[in-house]
Amino acid sequence: MDVSMTMWVVTVLGLTALIGVDFLIGRKPHDVSIKEAGIWTAVWVVLAVLFGLSLFLAGERQASGEFFAGYITEKSLSVDNLFVFVLIMAKFSVPSHLQQRVLLIGVLIALVLRAIFIAAGAAIIASFSWVFYIFGAFLIFTAWKLIKEASSDEPEEEFEENRLLKSIEQRFGVADRYYGTKLSIQVAGKRVLTPLMVVMLAIGTTDILFALDSIPAIFGLTQDPYVVFTANAFALMGLRQLYFLIGGLLKKLVHLSYGLSVILGFIGVKLILHALHESGVNVPEISIPFSLAVICGVLIITTITSLIASRRQAAEEGTDGKDADSESAKI
């Protein structure tokens, strides 16, 4: 797309306004109900669909298809990231009424960091076409790693603070409890951070690791910085509400990692084929409509098989529980 500076400014201002509305709605700490989370999740999805359709109606059919493929991919990767958010919330014992504030600021930090990653990625791609080989190989490696982790019987690991977070805590100090929505307080004449500020930074900086696979993945679907940025923005901005909506369902998506590994591996192959094509090798390239069909198909199949497996596991556990009760009764 030939996007003017004016269009960039209008887009950024529009997204900023939406974030401002989201902040005003969630400015008062409260427990987010399923109904509230469901309504606002639907609102963010509708806004993303309207944006994609507006590109199509403006004559940018290629960009519209790339946006939807990128948005769905980033959204599915974001759902997987919610597992880590749950671990972070548990690690810092975040009160339920403060979790929506943590996610709001944390996601905002993540959005700014991703904008920087996208700008850097676009600059690198524009200068070095061979970087597609690296991106493709990395995504295939990430896909293999996801399958390996998903098939492992090792127990779920606890969240560990990264070096940046630890250094910030050592430099400024951290209060021993939460003080409402305050991010810092005075203790013995010294300004220290509250646990709320630390967990916000944890959410935001952890997204750097998430971006290592999500940014190359979307660049495998489109090389348009405008489409990459808007797809990431819409995928991230509805993440807070999605956390509360499907928080209880996350454990049921037992095959999600397998589905994501297939998607990342597929995009990795697509990137390598594109790189070969750019190098003058006569190889077929994967179209956006086909990519969109594969991504949606994998996610649908993964969701169905996950729910079936979860239901079967629950039934088996229920049967085991009844057998145990029967044995106890006999004794």
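All residue numbers in this chain count up from 1 along the given sequence.
- Side-chain contact between Leu15 and Phe229 is present, with heavy atoms from C-beta onward closer than 4.5 Å.
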### Task
Walk me through it: do Ile286 and Phe266 pass the test side chain to side chain contact (heavy atoms under 4.5 Å, CB included)?
CA-CA 10 Å; Ile286 301 174; Phe266 168 77; 3.6 Å; yes

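- Looking at residues two or more places apart in sequence or on another chain, you find a ring pair (Phe, Tyr, Trp, His ring centres under 6.0 Å) between Tyr226 and Trp8.
- Here the closest heavy-atom approach between residue Gly265 and residue Ala143 is recorded as N-CB, 3.6 Å.
- Side-chain atoms of Leu264 and Leu77, non-hydrogen and from C-beta on, do get closer than 4.5 Å to each other.
- Side-chain contact check for Gln241 versus Glu36: every heavy-atom pair is 4.5 Å or farther apart.
- A donor-acceptor pair under 3.5 Å is absent between the side-chain atoms of Ser64 and the main chain of Leu55, judged by distance alone.
- Shown here for Ser291 and Leu221, the closest heavy-atom pair between the two residues is CB-CD2, 4.0 Å.
- Ser184 contributes no side-chain N or O that, together with a main-chain N or O of Arg191, makes up a donor-acceptor pair within less than 3.5 Å.
- Taking a 6.0 Å sphere around CH2 of Trp40, one finds it holds 12 or fewer heavy atoms contributed by other residues, nucleotides or ligands.
- Applying the ring pair (Phe, Tyr, Trp, His ring centres under 6.0 Å) criterion to Phe135, with sequence neighbours excluded, gives no partner residue.
- Of all heavy-atom pairs spanning Thr222 and Asp224, the tightest one is OG1-N, 3.1 Å.
- Leu53 and Leu47 fall within the same hydrophobic cluster, defined by Ile, Leu, Val, Met, Phe, Trp and Tyr side-chain heavy atoms under 4.5 Å apart, directly or through other members.
- You'll find the side chain of Thr302 stays beyond 4.5 Å of the side chain of Val262, heavy atoms only.
- For the pair Leu193 and Ile168, the minimum side-chain heavy-atom distance is below 4.5 Å.
- Annotation: Phe51 is in aromatic contact with Phe234 [ring centroid separation under 6.0 Å].
- Taking the six-membered ring for Trp and thresholds of 30 and 60 degrees, Phe141 and Phe138 have ring planes inclined between 30 and 60 degrees apart.
- Annotation for Phe290: atom CZ does not count as buried by contact number, only 12 or fewer foreign heavy atoms lying within 6.0 Å.
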### Query
Where do Leu307 and Arg311 land on the side chain to side chain contact (heavy atoms under 4.5 Å, CB included) test, with the steps shown first?
CA-CA 6 Å; Leu307 294 177; Arg311 184 176 299 177; 5.7 Å; no

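- A 4.5 Å side-chain heavy-atom check between Met89 and Tyr243 finds at least one atom pair inside the cut-off.
- Under the 4.5 Å side-chain heavy-atom criterion for Ile, Leu, Val, Met, Phe, Trp and Tyr, Val192 and Val198 are members of distinct hydrophobic clusters.
- For the pair Leu98/Val199, no side-chain contact is recorded, criterion being any heavy-atom separation below 4.5 Å from C-beta on.
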#### Entry: Trace of the side chain to side chain contact (heavy atoms under 4.5 Å, CB included) decision for Leu299 with Ile263
CA-CA 9 Å; Leu299 289 176; Ile263 292 173; 3.8 Å; yes

### Query
Hey, mind stepping through Phe67 and Glu60 against side chain to side chain contact (heavy atoms under 4.5 Å, CB included) and telling me if it holds?
CA-CA 10 Å; Phe67 171 81; Glu60 299 289 350; over 6 Å; no

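- Using a 4.5 Å heavy-atom cutoff, the side chains of Leu103 and Leu239 are not in contact.
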